[in-house]
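Reminder, nothing fancy here: chain letters follow the sequence lines and each chain counts from 1. In this text, all values refer to a predicted model and were calculated from it rather than measured experimentally.
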Amino acid sequence: MAVSDEALLAGMASGDADAAAAFVRRFQARVFGLAVSIVTVPAVAEDVAQDAFVRAWRYAGSFDPRRGRATGWLLTITRNLAIDALRLRREIPFDTDVLLGTLAADPDEPTVGADDVERIRAALRGLPASQARAVVLSAYCGLTAREIADRDAIPLGTAKTRIRAGLAQLRATMEEVDD
Amino acid sequence: MTEPSHCADVVDVLPELATGAATGQDRARALRHVAGCPSCRRELDSLSAVADELLMLAPEREPPAGFEAAVLARLDARPAAPRRGRAVRTLLAAAALAVVAATSAGTTLGYTADDRRLADSYRQTLRTADGYDFRAAQLTAAGRAVGQVFAYTGRPSWIFVNLNDPPTAASYTLSARTDDGHSHRLGTCEATQRRPCSVGGTVDSPAAHVVQIRLTAPGAPTLTAELP
């Protein structure tokens, strides 16, 4: 890879149009893919994906490389916009099990160098279903523990435990192989 | 209401803070605690890394044709100029700390190892953006240091000048001389009553080609800086 993600972002922060074009090209499938996973309607997902890049352009200067990777930052922006879109368009049905199934499924074409991603996918598959649901509802849909508790008719404490335990287990799996 | 929280109070909010689902008061309370607690900060960072990685599980999907063009058209219509300009100036000012301290004779006041690391990381950020260049030099009047000059090569390029110690009260004209011999007027620095002033502007050609900065005023000595 000639230029790092963070370097492209720094270029965008200084208003470099070429860096912006390269950034869009590099991440458009990831951003649109995430948007579709959450909002399910492709036309809505396209709006969300466009908005995500516009926001990344405006706030590129505030990205701090010490806090995490550029991909995580961009996908978080995408996720938040997708959640807003879902909330605005209440007629879109949302099915946790379908989303969970999509995330846990093997990709059609394995991507080169995606070992980390495959490791976390396997870890997600290995979680108890209740924890996997809680983690996905939190990370993908932005539901608070209170909202998850209401949705799944469980006590608040149970919802909190499921999110915490699920994330901790995923983290342990990721750290295992690094040791 | 502003009683400091203990780690035990905050630990069950950290996962939601990491996934971005934490709300209002919970979030504010937890962030206040994390700001002052290194171990909770480490916990939050590692949970955030997991949450970020989770978002990568969504399958990639190419958007419809014309997506890239549509996005770029929206970026063109919405220049990030004001924020971008401020961000560059702030970066330059931060790096100025390291430059000033490094070049001023024997003074290390306010210049710590952390400042050096911070300035280095800002310079690193600027440098990694496709080989963009950042240079600084002292502005002198008859051999005496009176300010600093910063040249940032990017798109656009910037020249920024701090005149901390004007030798005379004057309205100084800033010009940049490039290696092709041309001189470019960039603005004026009003050192009224010999108070410090700053001036900056964008240059059309890459700032890497600028070899000298001059501040001139009728009847006043010329202030110059040679860029490395």
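The backbone N or O of B/Leu14 sits nowhere less than 3.5 Å from a side-chain atom of A/Arg164 that would complete a donor-acceptor pair. B/Glu16 places a side-chain N or O within 3.5 Å of a backbone atom of A/Ala145 that can act as its donor or acceptor partner.
Between B/Gly20 and A/Arg79, the shortest heavy-atom distance links the atoms CA-NH2, 4.0 Å. A/Gly33 and B/Ala58 make their closest contact through O-CB, 4.3 Å (heavy atoms, listed as atom of the first residue, atom of the second, distance). B/Leu55 and A/Ala139 make their closest contact through CD2-O, 3.7 Å (heavy atoms, listed as atom of the first residue, atom of the second, distance). In plain terms, the two heavy atoms of B/Leu72 and A/Ala20 that are nearest each other are CD2-C, 4.3 Å. For B/Pro59 against A/Ser37, the heavy-atom pair with the smallest separation is CD-OG, 3.8 Å.
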Check the pair B/Leu54, A/Ile120 against side chain to side chain contact (heavy atoms under 4.5 Å, CB included), reporting the backbone distance first and the verdict last. CA-CA 7 Å; B/Leu54 263 175; A/Ile120 205 173; 4.2 Å; yes
Please test A/Arg30 against B/Arg61 for side chain to side chain contact (heavy atoms under 4.5 Å, CB included), starting from the C-alpha separation and ending with a verdict. CA-CA 7 Å; A/Arg30 243 204 203 293; B/Arg61 187 160 146 180; over 6 Å; no
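Of the two parts of A/Thr161, neither the backbone nor the side chain holds a non-hydrogen atom closer than 4.5 Å to a non-hydrogen atom of chain B. Heavy atoms of B/Asp12 lying under 4.5 Å from chain A belong to its backbone as well as its side chain. Interface remark: B/Arg41 contributes side-chain atoms only to the contact with chain A (heavy atom separation under 4.5 Å). For A/Val117, the parts lying near chain B are the backbone and the side chain together; criterion is any non-hydrogen pair under 4.5 Å. For A/Leu75, the parts lying under 4.5 angstrom from a heavy atom of chain B are both the backbone and the side chain.
Between A/Arg69 and B/Glu53 there is a salt bridge, since at least one side-chain N of the basic residue sits less than 4.0 Å from a carboxylate O of the acidic one.
For the side chain to side chain contact (heavy atoms under 4.5 Å, CB included) test with B/Leu57, the passing option among A/Thr102, A/Leu34, A/Leu103 is A/Leu103; the others fail.
Here CD of A/Gln28 is found 5.0 Å from CD of B/Glu62. Values are rounded to the nearest 0.5 Å. Residue B/Glu68 holds its CD atom at 12.5 Å from CZ of A/Phe23, rounded to the nearest 0.5 Å. Note that the CE atom of A/Met12 and the CG atom of B/Leu75 stand 6.5 Å from one another [nearest 0.5 Å].
When the candidates B/Ala18, B/Pro64, B/Ala51 are compared by the number of heavy-atom contacts under 4.5 Å with chain A, B/Pro64 comes out ahead. Top candidate by heavy-atom pairs under 4.5 Å with chain B, chosen from A/Leu137, A/Leu124, A/Val136, A/Asp51, is A/Asp51.
Here the side chains of B/Glu43 and A/Arg171 are in contact, with some heavy-atom distance below 4.5 Å.
Below 30°, between 30° and 60°, or above 60°: for B/Phe67 and A/Phe32 the angle between ring planes is between 30° and 60°, a tilted geometry.
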